[in-house]
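All residue numbers refer to positions in the sequence shown, counting from 1.
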Amino acid sequence: MKFTSLHSPIGYLKIEGDASGVSAVSFVESDPGQSEEVPQELVECALQLQQYFEGNRKTFDVKLRPKGTDFQVSVWNALLGIPFGVTRSYKDVALALKNEGAIRAVGAANGQNPVGIIIPCHRVIGSNGDLTGYAGELWRKKWLLQHEQAHTYGQQGSLF
């Protein structure tokens, strides 16, 4: 597994994967540097994330290869359908999977998302509108949602 890193406005990101795609994007405490011979897929991912943080990108076009159970992958695929600047509840995601009884399982799969930001688990909130759980810490989730709101044209009001 190869890796590279990106210094973002909310901390360092470690981007992992190989020539077949990105398998993980996660927040880390310090700059992990990069491995030798970083695949182009990881370089492109870092570039697209930088564009996202600059407010110049709303969608990502990188090959993804997250590892998880079939259910987790189905949840992560559902998360990819949540548009930039929009939030959904865990119940909304469960309903999208046609399995309303899976709300807690959706929450667990959301929390195990290995490809942060690109698979937008930060866009999933509680049914009452509260921010709930985020592996990258709640302050980062709030920052990401506010960042997206600030770069969504025509949106009115505030999430918080």
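Residues Leu145 and Val115 fall within the same hydrophobic cluster, defined by Ile, Leu, Val, Met, Phe, Trp and Tyr side chains chained together at heavy-atom separations under 4.5 Å. At a threshold of 4.5 Å between side-chain heavy atoms, the hydrophobic network of Ile, Leu, Val, Met, Phe, Trp and Tyr places Tyr12 and Ile15 in two separate groups. Hydrophobic clustering (side-chain heavy atoms under 4.5 Å, transitive across Ile, Leu, Val, Met, Phe, Trp, Tyr) keeps Leu95 apart from Trp76. Note on Val38 and Val28: separate hydrophobic clusters, where clusters join Ile, Leu, Val, Met, Phe, Trp and Tyr whose side-chain heavy atoms are under 4.5 Å apart, directly or indirectly.
Rounding to the nearest 0.5 Å gives a distance of 11.0 Å between CD1 of Ile119 and CD1 of Ile82. For the atom pair CE of Met1 and CG of Asp18, the computed distance is 5.5 Å after rounding to the nearest 0.5 Å. Here Asp130 contributes atom CG and Ile125 contributes atom CD1; the two are 8.0 Å apart, rounded to the nearest 0.5 Å. Between Ser89 atom OG and Asn128 atom CG the span is 9.5 Å, to the nearest 0.5 Å. Note that the OG atom of Ser35 and the CG atom of Leu42 stand 7.0 Å from one another [nearest 0.5 Å]. The distance from the OG atom of Ser23 to the NZ atom of Lys67 is 5.0 Å, given to the nearest 0.5 Å.
Looking at Lys58, its side chain never comes within 3.5 Å of a backbone N or O of Pro83 through a donor-acceptor pair. Using modelled atom types, no side-chain atom of Ser5 and backbone atom of Leu13 make a donor-acceptor pair closer than 3.5 Å. Under the 3.5 Å distance criterion, the side-chain polar atoms of Asn77 are matched with a main-chain donor or acceptor of Val73. Using a distance-only test at 3.5 Å, with no hydrogens or angles considered, a donor-acceptor pair links the side chain of Lys141 to the main chain of Gly133.
Summarising the geometry of Pro120 relative to Ile118, their closest heavy-atom pair is CD-O, 3.2 Å, with the distance given to 0.1 Å. Summarising the geometry of Ala102 relative to Ala94, their closest heavy-atom pair is C-CB, 4.2 Å, with the distance given to 0.1 Å. The heavy-atom pair separating Arg123 from Gly85 by the smallest distance is NE-N, 4.2 Å.
Side chains of Thr59 and Phe84 form no contact here, defined as non-hydrogen atoms less than 4.5 Å apart.
When the shell of 6.0 Å around NZ of Lys91 is examined, it contains 12 or fewer heavy atoms from other residues, nucleotides or ligands.
Taking Phe71 as the reference, nothing meets the ring pair (Phe, Tyr, Trp, His ring centres under 6.0 Å) condition, with sequence neighbours excluded. With sequence neighbours excluded, no residue satisfies salt bridge (charged side-chain N to carboxylate O under 4.0 Å, His left out) with Arg88. Applying the salt bridge (charged side-chain N to carboxylate O under 4.0 Å, His left out) rule to Glu16 yields no partners; only residues at least two apart in sequence or on another chain are considered.
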task = Show your reasoning for whether side chain to side chain contact (heavy atoms under 4.5 Å, CB included) applies to Val22 and Arg65.
result = CA-CA 5 Å; Val22 176; Arg65 297 288 185 260; over 6 Å; no
message = Walk me through whether Tyr90 and Arg104 qualify under side chain to side chain contact (heavy atoms under 4.5 Å, CB included).
response = CA-CA 8 Å; Tyr90 296 97; Arg104 289 181 188 268; over 6 Å; no
ask   = For Tyr134 and Arg140, what are the C-alpha separation, side-chain angles and deciding distance, and is it a side chain to side chain contact (heavy atoms under 4.5 Å, CB included)?
value = CA-CA 8 Å; Tyr134 186 62; Arg140 286 189 178 111; 4.1 Å; yes
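Residues in residues 19-56 take part in these ring-ring contact (aromatic ring centres under 6.0 Å, His included) pairs, two or more places apart or across chains: Tyr52-Phe60, Tyr52-His147, Phe53-Trp143. Residue pairs meeting the side chain to side chain donor-acceptor pair (under 3.5 Å) criterion with at least one member in residues 107-122, sequence neighbours excluded: His122-Glu148.
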I'd like a table of donor-acceptor pairs (distance under 3.5 Å, sequence neighbours excluded) in which one partner is a side-chain atom from residues 43-51, with atom names and distances.
residue : atom : partner : partner atom : Å
Glu44   : OE2  : Gln48   : NE2          : 2.8
Gln48   : OE1  : Asp61   : N            : 2.7
Gln48   : NE2  : Asp61   : O            : 3.1
Gln50   : NE2  : Glu54   : OE2          : 3.2
Gln51   : OE1  : Arg57   : NE           : 2.8
Gln51   : OE1  : Arg57   : NH2          : 3.0

